[in-house]
Amino acid sequence: KPVRPQDAVTRWQDFLGKEPYTNIHPRTALPDKDRIVSTEGNRSIRYGAHEMNSKPSKHHYHEETWTFDPENNVMNVDNTVVRVPLGTK
């Protein structure tokens, strides 16, 4: 279900949980200018140039959930695209 532009930040905060947030990428542990990462580092919002430059009807961001698999030594990410159509009230 699309999110209204004025509700997007509240939804980000609900998804990420309590502050403080970082920009440290959960897999690389390096700063990432396109992500807002939860305190625990297991959830992130991805909103970069690709998302910002989407057509107004396709404008979106990504809710990402990160899970480490110690048996295989890999970080898995579940990605949900959230549409935020621009020009809506």
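What you see below is based on every heavy atom in this structure, not just the backbone, and it leaves out hydrogens, waters and symmetry mates.
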So do the side chains of Pro2 and Pro85 get within less than 4.5 Å of each other, counting heavy atoms only?
-> yes
Which pairs, with at least one residue in residues 8-21 and sequence neighbours excluded, count as a side chain to side chain donor-acceptor pair (under 3.5 Å)?
-> Arg11-Glu63
Listed by chain and number, what are the side chain to side chain donor-acceptor pair (under 3.5 Å) partners of Asn76, not counting sequence neighbours?
-> none
Apply side chain to side chain donor-acceptor pair (under 3.5 Å) to Asp34 and list each qualifying residue two or more places apart in sequence or on a separate chain.
-> none
Partner set under ring-ring contact (aromatic ring centres under 6.0 Å, His included) for His60, not counting sequence neighbours = His50, His62
All side chain to side chain donor-acceptor pair (under 3.5 Å) counterparts of Asn73, not counting sequence neighbours | none
Could you state the interatomic distance from CG (Asp32) to OG (Ser44), rounded to the nearest 0.5 Å?
-> 8.5 Å
For Asn42, the side chain to side chain contact (heavy atoms under 4.5 Å, CB included) test, sequence neighbours excluded, returns Ser38, Glu40
Joint hydrophobic cluster, Ile45 plus Val77, side-chain heavy atoms closer than 4.5 Å | no
For the hydrophobic clusters of this structure (ILVMFWY residues joined by side-chain heavy atoms under 4.5 Å, transitively), does one cluster hold both Val81 and Ile36?
-> no
Considering only heavy atoms from C-beta outward, does the side chain of Arg35 approach that of Asn23 to under 4.5 Å?
-> no
What heavy-atom pair brings Leu86 and Pro5 nearest, and what distance separates the two atoms?
-> CD2-CG, 4.2 Å
With sequence neighbours left out, write down each residue that passes side chain to side chain donor-acceptor pair (under 3.5 Å) with Asp7, or none if nothing qualifies.
-> Arg4
Nearest-0.5 Å distance that lies between atom OG in Ser54 and atom NE2 in His59 | 6.5 Å
The complete set of ring pair (Phe, Tyr, Trp, His ring centres under 6.0 Å) pairs with one or both residues in residues 24-45, sequence neighbours excluded, reads His25-Trp66
Nearest heavy-atom contact between Pro26 and Gly41 is CB-O, 3.5 Å
Pairs meeting criterion salt bridge (charged side-chain N to carboxylate O under 4.0 Å, His left out) with involvement of residues 71-87, two or more places apart = none
What pairs of residues pass the salt bridge (charged side-chain N to carboxylate O under 4.0 Å, His left out) test when at least one of them lies in residues 48-58, not counting sequence neighbours?
-> Arg46-Glu51
Does a side-chain heavy-atom distance below 4.5 Å link Val37 with Ile24?
-> no
Grab the two heavy atoms, one from Met75 and one from Phe68, that are nearest each other, plus how far apart they are.
-> SD-N, 3.7 Å
